[in-house]
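Counting convention: from 1, in listed order, for ligands and their atoms alike. Count residues from 1 along the sequence. Quick note: numbers below take in every heavy atom, side chains included, and nothing from hydrogens, waters or symmetry partners. Owing to the predicted nature of the structure, the values given are computational and were not obtained by experimental measurement.
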Amino acid sequence: MEFREFLNNKIVLFDGAMGTMLQQNGLKTGELPEKFNITHPEVVTHIHQEYIKAGSDVVTTNTFGANALKLSIENLSVEKVITSAVQCAKKSGAKYVALDIGPLGELLEPMGTLTFERAYKLFSEQVTAGAAAGADLIIIETQSDILEAKAAILAAKENSDLPVICTMSYEEGGRTFIGTDAVTATISLCSLGIDAVGVNCSLGPKEMLPVVDTILKYANVPVIVQPNAGIPRNENEHTVYDISPEEFASYISIMIDNGVSMVGGCCGTTSQFIADLAALTNRKPAKIKKNLIPAVTSSLKTVLLSGKTTVIGERINPTGKKKLKQALKENDFDYIANEAINQTNAGANVLDVNVGLPEINEPETMKHAVKEIQAVSSLPLQIDSSDINTIEAGVRVCRGRPIINSVNGKKAVMERVFPIVKKYGTMVVGLTLDEKGIPETAEGRLKIAENIISTAAEYGIPKDSIVIDCLVLTASAQQSQVMETLKAIKLVKQKLGVLTVLGVSNVSFGLPSRPLINSTFLAAALGAGLDAPIINPLSSEIMSVIDTFRVLNYEDKDAASFINKYSGENNALIKTEMLSNISLYDIILQGRKDEAQKAVRELLKTDAPLDIINKIFVPALNHVGSAFEKGELFLPQLIRSAETVKNAFEIIRDNMNLAECGTSKGKVILATVKGDIHDIGKNIVKMLLQSYNYEVIDLGKDVEISTIIDEAKKNDIRLIGLSALMTTTVKSMKETIESLHIYKIPCKTMVGGAVLTPEYADMVGADFYAKDAMDAVKITESVFN
Ligand code: B1M
């Protein structure tokens, strides 16, 4: 029986951990588990057989890390490793063999350097090898980044016909480590047309319960759950898990009652855990018959479109905007990023992205713009173009589920756009115009909307994915037509039950005081039932209509946001703070990379470089750090703020006149310890030491102990400075200092970094603790004097 049919009949039982079982069968610490497929195939097959004996319907191949990035370290071929892994699984006599695909082990841009295309290619290699070897389905698992998961899903769907399952790993706060919550991940992954969605690893079954309930609420496909055997902890250098098989099964039983239809285990689970689950699997799986709700997502946010007013920011569109046109021609993506930040801060909920200029490569520019905007804004995107290649380029690399702007009632346009909407599971704006143009009457527009919806259904696109734009003509040229749009909005909503969107600003074209016309028309359109106006969120007149309507429409409960924004000193209508006056502190907080250098130059006219570091850089980064810790900011934003400080720091460094240094007072080694990539603080220390005429051998970040030892020996070093920013890497610091003693390097050690205290410095055996960069200079002076 085909797997897709099988999963309708019973609760599907997967297997448990592979790594745990391999370790029990001879895998040594540090050894590549996937190599066992070639060196010890009988062991791998035996493990699969243990799971089958326990009751598994599906066994998962030993290919979690079988991608070219990881295998190349041992010169292993992806095809060879995957082929023998699938053979091992098939030999075990499993009903179904799932090709296992884990994360690539490198972060995608902007958190890392891996491009989407490269990730896609790496996953494609795995899929092609697995499908050729005879896998029955593909399970993409332990994902943290929905863009990486998307690359894997597209690779699976474009290179095979196999069923595709995707699971994410959430931390205790209910988000993945890059900040994606379960609602957002579930909607984003389901929209891509996978066969099952779920969660694995990281948590035990008890901690997973709330995440599983959320997934069940939003998924439109069967839900799979594979928890760890509890929360891992370290005992005598070994990872141990503290849940018994019975306890594990009792939580899984609750999940099945709630609607989960595929179960298994992750780290720490063994065949005994699976045997205990087998008793639960004769129940009939819950029936899934819902569509995805109308919603768009980024990696950090879901915007539900029903029942509330959604502001779509219109500013990233070159029509009539000289500066943006210039920026697009010059590939100035910082300008576009700033437009995104400004609209996000001004209260937009979704950002329209249109980069259409005849003289540029629009698809490439769209890809680039999507990446840059998503690095600075957590809002979902509306990919806007009349060119289908540009639309596909944008939606393909977009983190999350975007809206496409737009399709219309023209047959040829629907034939081009709907396959893309279906393939990427996006939402789509349907313009009420066709081969004959825009109908004069509301009834005519309703008819086109009906046609768009019924044609979309032929492509398998539900009406929940469509937002109709009833189009407004300009009051200056077609005044008699304006009110017809409002009538059409009402009709479309009543008769078709779909959401509506509208580019509002067109109404005022050719008239003076456009914001007046726009805001009056906007109020009328919202009254007629408009759900998602496409407007300029930087216009306070326009936004005040939105804010007011949200109070009157009972969206802004107890008018809390309204009171906050419009009362007393905060009154947004009288606040005149100019964006150009934004402080360096806020520039860092908001990650406005390209504005940082100008702001520093300005400040240097009045402030000392060290004051800028101590009074602005450090507190701003502390602010970002604590917002990150509280879950108010996420990794992409943390990275952006760090990059902003780096840009600003370049100006400070240039200003310190390092070139004027006289003869060297001595050589100092600086390094951020192994496992730690924080280097902003260390770089400040370096700059100050250089300005005091010390020669600094900067070994960089995440530095191996052996590198430090070698450099110290080679350069006859008297002082080594180590930096660490995380509690977890203080241990590395201790190991580094211990090694310096073992190798009898005759030098002093100085340690620093936000996490360190004088007590920690003692504990790691350092000679000196420096609380900040100036302290580091004083200590260095004392050592060399
Ligand atoms: Co991350 N990070 N970060 N981070 N980051 C912290 C350190 C964190 C405290 C944030 C938080 O949760 N509140 C937290 C650590 C928690 C802990 O262990 N207690 C954290 C985490 C968890 C992480 C990741 C694991 C996040 C993730 O991936 N989920 C990840 C770590 C990856 C890794 O290292 N393996 C990560 C990544 C990053 C970015 C890449 C995004 C970025 C670093 C970019 C870079 O450095 N190139 C980043 C940033 C920017 C921070 C915060 C916000 C700011 C650090 C900083 O630059 N401060 C930080 C929160 C915070 O510190 N409040 C945080 C400004 C800098 C000038 O201060 O380094 O203390 P500092 O240096 C001072 C003094 O301490 C002293 O002089 C400097 C100037 O006065 N000093 C020395 C420093 N080194 C010295 C050496 C000396 C002498 C003095 O002698 C040798």
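For ligand 1, the atoms sitting less than 4.0 Å from at least one non-hydrogen atom of Leu635 are 26 (C), 27 (C), 28 (O), numbered in the order shown with element in parentheses. The atoms of ligand 1 that sit less than 4.0 Å from any heavy atom of Ile639 are 41 (C). If you number the atoms of ligand 1 from 1 as listed, the ones under 4.0 Å from a heavy atom of Ile677 come out as 32 (C), 33 (C), 34 (O), 40 (C), 45 (C), 46 (O), 47 (N). Per-residue contacts place Ala770 under 4.0 angstrom from the following atoms of ligand 1 (heavy atoms of the residue considered): 88 (C), 89 (C). Close contacts between ligand 1 and Leu722 involve ligand atoms 86 (C), 91 (C) [criterion: under 4.0 Å to a heavy atom]. Those atoms of ligand 1 with a heavy atom of Asp676 less than 4.0 angstrom away are 34 (O).
Scanning all protein heavy atoms for the shortest distance to atom 13 (N) of ligand 1 gives Glu629 OE1, 2.8 Å. Scanning the protein for heavy atoms near atom 58 (N) of ligand 1, the closest one is Leu621 CD1, 3.7 Å. The protein non-hydrogen atom at the shortest distance from atom 81 (N) of ligand 1 is Gly753 N, 3.4 Å. The nearest protein atom to atom 29 (N) of ligand 1, hydrogens excluded, is given as Phe177 CD1, 3.4 Å; this is a heavy-atom distance. Looking at atom 63 (N) of ligand 1, its nearest protein heavy atom turns out to be Asn622 OD1, 2.8 Å. Of all protein heavy atoms, the one lying nearest to atom 74 (C) of ligand 1 is Lys771 O, 3.7 Å. The single protein non-hydrogen atom nearest to atom 72 (O) of ligand 1 is Gly681 CA, 3.3 Å, given as residue, atom name and distance. Atom 25 (C) of ligand 1 has as its closest protein heavy atom Met726 SD, 3.9 Å.
For atom 60 (C) of ligand 1, the nearest non-hydrogen atom from the set Ala773, Gly625, Ala642 comes from Gly625. Among Asp772, Asp775, Val777, Thr644, the residue whose heavy atom lies nearest to atom 80 (O) of ligand 1 is Asp772. Considering each of Asp679, Asn614, Val730, Thr749, the one bringing a non-hydrogen atom nearest atom 45 (C) of ligand 1 is Asp679. Closest heavy-atom approach to atom 84 (N) of ligand 1 among the candidates Gly675, Ala754, Gly721, Ser723: Ser723.
Classification of Asp654 and Arg601 as a salt-bridged pair fails, no side-chain N sitting under 4.0 Å from a carboxylate O. Salt-bridge check for Glu650 with Lys646: failed, with every basic side-chain N at 4.0 Å or more from each acidic carboxylate O. For Lys598 and Glu595, the salt-bridge test fails: no basic side-chain N is under 4.0 Å from an acidic carboxylate O.
Put simply, the side chain of Thr297 gets close to the backbone of Arg401: a donor and an acceptor are under 3.5 Å apart. In terms of modelled atom types and a separation under 3.5 Å, the side chain of Lys665 and the main chain of Tyr692 share a donor-acceptor contact. Without hydrogens or angle criteria, Ser72 side chain to Ala68 main chain gives a donor-acceptor distance under 3.5 Å. A distance-only check finds a donor-acceptor pair linking the side chain of Ser191 to the backbone of Ser188 [under 3.5 Å].
The shortest N or O to N or O distance between Thr728 and ligand 1 is not under 3.5 Å. Polar contact with ligand 1: present for His678 (N/O pair, distance under 3.5 Å). Residue Ser626 has no nitrogen or oxygen atom sitting less than 3.5 Å from a nitrogen or oxygen atom of ligand 1, judged on distance alone. The distance criterion of under 3.5 Å between nitrogen or oxygen atoms is not met by Lys701 with respect to ligand 1.
Under a 4.0 Å heavy-atom criterion, Lys646 is in contact with ligand 1. Assignment of Met111 to the shell around ligand 1 is not supported, since no heavy atom sits closer than 4.0 Å. By the 4.0 Å heavy-atom criterion, Phe628 is counted among the residues contacting ligand 1.
At a heavy-atom distance under 4.0 Å, only side-chain atoms of Ile684, from C-beta outward, approach ligand 1. In Val618, the part holding a heavy atom less than 4.0 Å from any atom of ligand 1 is the side chain. No part of Ile178 comes within 4.0 Å of ligand 1, judged by heavy-atom distances. Using a 4.0 Å cut-off between heavy atoms, Ile680 contacts ligand 1 through both its backbone and its side chain.
A donor-acceptor pair shorter than 3.5 Å cannot be found between the side chains of Ser378 and Ser298. For Asn200 and Thr142, the side-chain atoms include at least one donor-acceptor pair closer than 3.5 Å. With no hydrogens or angles considered, a side-chain donor-acceptor pair links Asp767 and Thr749 at under 3.5 Å. In the model, Thr344 has a side-chain atom that pairs as donor or acceptor with a side-chain atom of Ser377 under 3.5 Å. Between Arg592 and Asn342, the side chains place a donor N or O and an acceptor N or O closer than 3.5 Å (distance only, hydrogens not considered). Using a 3.5 Å distance cut-off with no hydrogens or angles, the side chains of Glu781 and Tyr694 do pair a donor with an acceptor.
The nearest protein heavy atom to atom 32 (C) of ligand 1 is closer than 4.0 Å. Distance check for atom 16 (C) of ligand 1: every protein heavy atom is found at 4.0 Å or beyond. Within 4.0 Å of atom 50 (C) of ligand 1, at least one protein heavy atom is present. For atom 9 (C) of ligand 1, the nearest protein heavy atom lies 4.0 Å away or farther.
Each of Thr644, Asn647, Asn338 was compared with Asp594 under the side chain to side chain donor-acceptor pair (under 3.5 Å) criterion, and only Asn338 meets it.
Contact check for Ile677 versus Thr672: no side-chain heavy atoms found under the 4.5 Å cut-off. The shortest side-chain heavy-atom distance between Glu738 and Ile705 does not fall under the 4.5 Å cut-off.
Here the CD1 atom belonging to Ile587 is positioned 14.0 Å from the NZ atom belonging to Lys593, to the nearest 0.5 angstrom. Here CE of Met168 is found 6.5 Å from CD1 of Ile146. Values are rounded to the nearest 0.5 Å.
Relative ring orientation between Phe333 and His368 is described as parallel, the plane-to-plane angle staying below 30° on a 0-90° scale split at 30° and 60°.
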